[in-house]
Amino acid sequence: MVSGTDMPSVLLWGTIGLAIVAAIVGLMVWDARRRKSPSVLLDVIAAMARVWVAIVVLGIVVTIIRWVSGGPYDLTEMPVSLRWPTELPCQSRGGGITGEGAVLHCAVADSASATVSGLDGGLRALLGFGSVLSLLVAAVPGVVIAVLGQRALTRAPFAARSARWLLVSAIVVLVAGTLGSLLNDVGSFLIAQSVLAEPIADSPVTAPRAFSLNPPVWPLGVALGLGALSVIFQQGARLQRETEGLV
């Protein structure tokens, strides 16, 4: 992500970043052709997947270092209870919408980006473990693509190893994706209770009054898809063995 107050400089840096990515992809294409790869496109995709996995692993290492060092911690969605600066129709009895054009009828701010420091070991471990699990899920697509791509390049796309990798990936996504999100929610709520005023305090920003768990649904959907692919690859491996036996 590139951000800044000067749009031309942001566009410039964004263009430079895209040029660097294009140059890396170009080198991958050149290397695949030099090695006379049976599929240049598949070779490049697998290489990019390995690079993605390496970046995620680096992110996990950085997260663990921050967890152990006890430095400041960034939260993207710390739950808060925010008092809106002006009373809105939904907050007043019998209030209606008046005026012409677009009118703000109701608004709720229930989270904020925050940087906190001085966390105890328990909270750091909770957030660190949740972040590591979330990054582990992010690495799964790269691992799957790299393994399947390598199998396809060796002309064994339906090898038993591919089906096992898909099944293991389904379990990792389901467990780590769900548990990581829940741990981050619990940790963010506990931090909000520690650093913000009590919900009954007369303050524009206070800790949330109630805690709720929102288990994500997407890990189940992704796990089901990977599990189905695992079964399909198992059937493909069986058909491939039967075909080779007939030759």
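FYI, side chains are in, hydrogens and waters are out, and symmetry mates aren't considered; it's all heavy atoms of this structure. Everything quoted here is computed from the prediction, not taken from an experiment.
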*asked:* A side-chain contact here means heavy atoms from C-beta on lying under 4.5 Å apart; do V186 and F211 qualify?
replied: yes
*Is L123 reachable from M78 through a run of I, L, V, M, F, W or Y residues, each pair having side-chain heavy atoms under 4.5 Å apart?*
yes
_Rounded to the nearest 0.5 Å, what separates atom CG in L119 from atom OG in S194?_
8.0 Å
*Say whether, by atom type as modelled, one donor and one acceptor occur between the side chain of S131 and the main chain of L127 under 3.5 angstrom.*
yes
_Distance in Å, S169 OG paired with R164 CZ, rounded so as to fall on 0.5 Å steps_ = 12.5 Å
*Going through the distances and angles, do W165 and V144 end up as a side chain to side chain contact (heavy atoms under 4.5 Å, CB included)?*
CA-CA 7 Å; W165 271 107; V144 171; 5.9 Å; no
_Ignoring hydrogens, what is the shortest heavy-atom contact between G177 and P216? Give both atom names and the distance._
O-CG, 3.9 Å
*Taking the six-membered ring of Y73, is NZ or CZ of R124 closer than 6.0 Å to its centre and within 45° of its axis?*
no
*Is N184 reaching over with its side chain to a backbone N or O of G180, donor-acceptor style, under 3.5 angstrom?*
yes
*Can you check whether L12 reaches I16 side chain to side chain, under 4.5 Å on heavy atoms?*
yes
*Main-chain N/O of A163 paired with S230 side-chain donor or acceptor, under 3.5 Å*: yes
_Value rounded to 0.5 Å, distance of CG in L190 from CG in D120_ = 9.5 Å
_S162 side, atom OG; Q234 side, atom CD - distance, nearest 0.5 Å_ = 11.0 Å
*Consider only side-chain heavy atoms of I, L, V, M, F, W and Y, link residues closer than 4.5 Å, and tell whether M28 and V40 are in one cluster.*
yes
*At their closest point, which heavy atom of A207 faces which heavy atom of A192, and how far apart are they?*
CB-O, 3.7 Å
_Verdict with reasoning, D74 to R66, per side chain to side chain contact (heavy atoms under 4.5 Å, CB included)_ = CA-CA 10 Å; D74 297 325; R66 291 177 57 194; 4.0 Å; yes
*Return yes if some donor-acceptor pair links the side-chain N/O of S181 with the main-chain N/O of T178 below 3.5 Å, else return no.*
no
_From V56, L58, V57, residue fulfilling side-chain contact (heavy atoms from CB on, under 4.5 Å) relative to L135_ = V56
*hydrophobic_cluster_shared for V222 and V140, side chain cutoff 4.5 Å*: yes
*In one Ile/Leu/Val/Met/Phe/Trp/Tyr side-chain cluster, 4.5 Å: W218, L136*: yes
*Would you mind listing the cluster partners of I145? Hydrophobic ones only (ILVMFWY), side-chain contacts under 4.5 Å, chaining allowed.*
L41, I45
_Under 3.5 Å: donor-acceptor pair, side chain of T63, backbone of G59_ = yes
*asked:* Name the residue from L182, L220, L179 that meets the side-chain contact (heavy atoms from CB on, under 4.5 Å) definition with P215.
replied: L182
_Listed once per pair and sorted, the salt bridge (charged side-chain N to carboxylate O under 4.0 Å, His left out) pairs that draw on residues 38-53, sequence neighbours left out_ = R35-D43
*Heavy atoms, side chains only, cut-off 4.5 Å: are V80 and T206 in contact?*
no
*With rounding to the nearest 0.5 Å, note down the distance linking CD1 in I60 to CD1 in I55.*
12.5 Å
_From CA spacing to verdict: side chain to side chain contact (heavy atoms under 4.5 Å, CB included), I191, L75_ = CA-CA 10 Å; I191 289 176; L75 299 174; 3.8 Å; yes
*Same cluster for L174 and V137 if Ile/Leu/Val/Met/Phe/Trp/Tyr side chains link at under 4.5 Å?*
no
*Mind checking what makes ring pair (Phe, Tyr, Trp, His ring centres under 6.0 Å) contact with F129, not counting sequence neighbours?*
none
_Beyond-backbone contact of M48 with V25, side-chain heavy atoms, under 4.5 angstrom_ = yes
_Donor-acceptor contact present, side-chain Q193 to main-chain P208, <3.5 Å_ = yes
_Main-chain N/O of P141 paired with W52 side-chain donor or acceptor, under 3.5 Å_ = no
*Please report the closest heavy-atom contact between A146 and A49, naming both atoms and the distance.*
N-CB, 3.9 Å
